[in-house]
Amino acid sequence: MKQGTTANRARRIAASASALALAVSLSSAAMAQDAEAPAEEDAAAIEEDGAIVVTGLRYGLATSLNTKREELSIVEAVSAEDIGKLPDVSIAESISRLPGLTTQRVNGRAQVISIRGMAPDFSTTLLNGRQQASSGDNRGVEFDQYPSELLSSVVVYKTPDASISGMGLSGTADMRTVRPLAYGKQAIAVNVRGELNSGGKLNADMRHYGGRLSASYIDQNEAGTLGWAVGVAYLDAPSQTRHYKAYAYEVFGGDASRAALISPDSADRAVFLNGQEVFATSRQNKRAAAIGVLEWQPSDVTHLTADLYYSKFKQREVMRGAQWYSNVWADSQQFTNVQASDVGGSLVALAGTTTGVAPQLRNDYNTRDDELFSAGLNGEFDITDRLSFIADLSYSSNKRDESITETYAGFGCCATNLTQNANRVFDNISWDITDMLTGGFPTYGNGLNYADASRVSLGDRAPWGGWGHDGQTKEPHVKENVYALDLGFEYEMDGFFEKFDVGMNFTKREKTKRVDEFDLMLKNGRLQTLVGSDHLVDATSLGFAGFGNVLAVDLRTAIPAYYDKIVFINNDTFNKAWGIDEEVLTLRAKATINSGNLRGNIGVQVVNQRQQSTGSAINATLTPRVVTPVNVTAKYTDALPSLNLIYDLGGGHRLRLAAAKVMARPRMDEMRASFIPSFPRTPCTPTAQVPTPCVVGVERTGLWSATGGNALLEPWRAKALDLAYEWYIDKTSYISIAGFYKKLDSYIYTQRQIFDFTGLPIPPSSIQTPTNPNGLPAGVPVSPLGQIDQPANGKGGSIKGIEVSGALGFGKLASFLDGFGVIGSYSYTKSNLHPTNSTNATTVQATRIPGLSGHVYSITGYYEKNGFQLRGAYRYRSAFKGETTQLFATRGVTEILADKDVSAQVGYTFQEGSSLEGLGILFQVNNLTDSPYRTRIGTDGGGTRTADGGFLPETYEKYGRQFLFGINYRF
């Protein structure tokens, strides 16, 4: 299957970006206003004593551009249009519209951010300049824990500032709350929104509507020495997912016995889909959050600020559906009436009927509870008129508890013989996957009624002997604490260097994870069981894929009634339990440059890290399994110089240059000290390389092997160079063209390395006995050195790209266009990585960094005047390798295809003089085109392909449109 031509798309995108740049350039002739002049007075930007005080998109844009212009680092920024009002429904959505940034949808919602084509692992997230604890396996912060209503702005640093500790390799996102004394006046804002998901509710016991509520209060004392800000936000948001997944594709006709089960014969050599699942998922997301800021400036020499942030997030998820194999290797299955056609030069089975299918029905119930707390105290003290001292103390914690439960059911009841085909009732299922190949759901037709509570029973129906249980529960628990102390001195000077500051930061990070697992066994000896009506809800429809209805069981009451919960322990139970303790000391020095048209800074950080990893050596070669605690410590030091320069060309034109050494600390799950060793039961089996069995007295080497983490991992390190041209035409119009290059000194990937297994005993099952003649003879020495497959620092590569962005108010072109405007950006990113330790050039395969999309662009058109606000936005992201939750709740990477998003909103704010002054109404639609989420089989160069090199689809999901209607009131 051939996809669109990338080169043509790139040319179209580049042309659009050039057109935007040209429009901004042409507008200069119509603009008498200089870049540094104040914005023109209008309904969105009225001035009072020289300060912009009213709100609107143009006010938020002007504030963002002012931040971008004044920062010495290359940054992107998004600012609130008013108290409690960022331009999108989530922080992630707002950030993803910035040049060089994009978001990955998780269950239909923007959650994690990629900066310049690099996954969240390579970036750092701050709140008011302080590192935040994360609730996932690694360091990447999930932005849905931070309500947009409680933030005043987000600044994304693309180049490092030596005074900020913990900067990421790709960039750093700093979320900022309001500062009441800087705000300078009283404000009270209340926002209320109702939310509805289109398409109705997919599961009868879950809502498809919800709401949002927020309130903020800012004030100061009369003297202007004490200010305070408080805010609360509550979210009750539904989400719905229509899900389909193809397991794999296979040609069965190569085996004569299998070809006989395919008709007509002309389809014998076709590529067949060999397994699939259809699920309807409903989620309820609830989040309560609050902030508090207290700012005290009793004199010109003392300034204290205290921040508190707390949020509690709860998600409840119900998933119901069916999964089955379409595989002529399975008992009783045949393919009949097959219609096969050429797809990309390959013969692909597009439609037909599979006989002998016994679908396994799924009823799942999942929960997630996150609790986040962050606190900080900052003090600024002027020792002299030139020397000041700054101290900052902070703490952040994040705790996540999840429960992931799946249960099985099938047609027929009630077998006591739990063999492979115990009372499995077979069906004939027709299928047509034509639409799936072009972007849509396939169509299935089933013959049995899978919603019939008198015929569908609980129990394991998986083929090939089943799962061995009737359900399972996994309960991951993650907790992280971050403590930090930052101290620094700033000294103001005259001359080329305007200011000099030195300081230190000490950060301690603790993170633990464990996963409790349980098998669910039906009571009464796993007897297949019908479900009573008191544990049922209305059937769930899979009609979006043509399958019909399936039985819907309320697991909250059915689990204790029908199942025994039995602790399940295997090797992976211990492998997934680990702890990481990091202590990072950063010493820094920075000089600020201000000389004529030249501004900037030059600095260096010296970072010393001590990392300690705890885990287990899980020796399953012994019976019973022996689990031994492992504790590994490592240290390293990095020197990270940085340079940021701005040269003002006049008239709003400027050039930027930045160069730095940057780093990002490794993924925490890959730093686990756990490993699982293995030793061959028959280590002396003759081979072509070793034709003689073991000889007494001859040392045997390389017998030990293992898989595991790597507690000795060092950071990703890179050298970065940035060059940018910026033209600030007025307060809300600009154009920027930027290029960047990052040379990764190393990249972390799985490698086979030498490992010391000293201390592990030779398993008795591997010793030579009459029943094991090829075992290891007594007395034969075995080297403790073996091999392990683990993450390790290896060969790096490069990442480079170009970013074009701009904004233009059309009123500068013609007066009748006053109020209209456009904001847009385009980014092109390319990587050159060959992460392999192979010296054979023919085996070196290029790969991409997770999160990297070659092309990302967005455009927003708006109208804002006399209180009316209209806005439409389009965002595009080309295919990328993304990390997702996969089988059995494990994390893995997959190829996520191009993503498109359209949103629109209309609103009106009552103006001065109206009895309703300060009241605003808003209607907003997100995912306006109901854009699908799609993946393909394989990643990078892997996966099933057609003859012309095209890839075959894997996952197809649709989430529906999100409608929001709300009012806001500010007084």
Side-chain angles (χ1 to χ4, degrees), residues 105-109 195-210 237-247 275-285 315-324 359-368 404-411 427 429 431 433 435-436 440-446 448-453 456 458 461 471 531 535-556 558 884-887 889 927 930-935 953-962:
R105 287 198 289 177
V106 178
N107 300 325
R109 293 176 178 270
E195 182 173 340
L196 179 70
N197 189 275
S198 68
K201 53 185 179 181
L202 297 182
N203 289 280
D205 49 348
M206 298 289 282
R207 290 184 284 109
H208 66 297
Y209 60 88
S239 63
Q240 313 275 339
T241 301
R242 295 165 174 83
H243 166 89
Y244 174 82
K245 182 177 181 179
Y247 294 160
Q276 54 269 300
E277 64 187 29
V278 183
F279 294 141
T281 302
S282 301
R283 299 174 193 87
Q284 205 66 38
N285 307 292
Q315 183 181 83
R316 300 296 180 260
E317 177 183 271
V318 169
M319 186 186 81
R320 299 181 175 109
Q323 54 189 170
W324 67 97
Q360 181 158 264
L361 307 182
R362 287 273 296 275
N363 277 269
D364 293 12
Y365 182 69
N366 306 322
T367 67
R368 167 185 153 189
I404 304 163
T405 299
E406 61 181 47
T407 64
Y408 318 126
F411 201 91
D427 196 0
I429 295 182
W431 43 272
I433 65 171
D435 289 345
M436 183 181 72
F441 288 108
T443 302
Y444 292 97
N446 47 291
L448 300 175
N449 180 6
Y450 294 100
D452 186 348
V456 174
L458 302 176
R461 299 305 209 286
V531 182
H535 302 295
L536 296 175
V537 296
D538 292 343
T540 294
S541 172
L542 304 180
F544 59 89
F547 192 82
N549 294 338
V550 294
L551 193 72
V553 181
D554 185 350
L555 292 187
R556 289 167 288 191
T884 62
T885 300
Q886 300 182 337
L887 193 63
N927 195 23
D930 196 9
S931 175
Y933 167 90
R934 302 172 299 146
T935 71
E954 180 188 43
T955 303
Y956 189 85
E957 293 181 350
K958 300 198 82 173
Y959 307 112
R961 299 170 181 85
Q962 180 190 33

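The shown structure was predicted, so the numbers you read here are calculated from the model rather than taken from an experiment.
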Taking all non-hydrogen atoms of both residues into account, name the closest pair between [X] and [Y] and its distance.
{"X": "Ala552", "Y": "Ala539", "value": "CB-CA, 4.2 Å"}
{"X": "Ser282", "Y": "Gln240", "value": "OG-OE1, 2.8 Å"}
{"X": "Ala204", "Y": "Asp538", "value": "CB-CB, 3.7 Å"}
{"X": "Glu277", "Y": "Gln323", "value": "OE1-NE2, 3.5 Å"}
{"X": "Asn366", "Y": "Glu317", "value": "ND2-OE2, 2.6 Å"}

Practice prompt. Evaluate the side-chain proximity of Asp364 to Thr405: yes if any heavy-atom separation is below 4.5 Å, no if none is.
Written response: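 When only atoms from C-beta onward are counted, Asp364 and Thr405 do not touch, as no gap falls below 4.5 Å.
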Worksheet item: Parallel, tilted or perpendicular: which fits the ring planes of Tyr933 and Tyr959, with parallel below 30° and perpendicular above 60°?
Response: tilted
Fill in: Geometric class of the Tyr956/Phe441 ring pair [parallel <30°, tilted 30-60°, perpendicular >60°]
perpendicular
Worksheet entry | Residues Leu361, Val456; criterion side chain to side chain contact (heavy atoms under 4.5 Å, CB included); working and verdict | CA-CA 9 Å; Leu361 307 182; Val456 174; 3.6 Å; yes
Worksheet entry | Distance (rounded to the nearest 0.5 Å) between Leu555 CG and Met319 CE | 10.5 Å
Fill in: Modelled atom types, side-chain donor and acceptor of Thr241 and Glu957, under 3.5 Å
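There is no such pair between these side chains.
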Worksheet item: Just checking, is any N or O donor in the side chain of Asn203 or Thr540 under 3.5 Å from an acceptor N or O on the other one?
Response: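 Short answer, yes.
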Worksheet entry | salt_bridge(Asp205, Arg320) N-O dist < 4.0 Å | yes
Fill in: Identified ring pair (Phe, Tyr, Trp, His ring centres under 6.0 Å) partner of Tyr444 from the options Phe547, Trp324, Trp431
Trp324
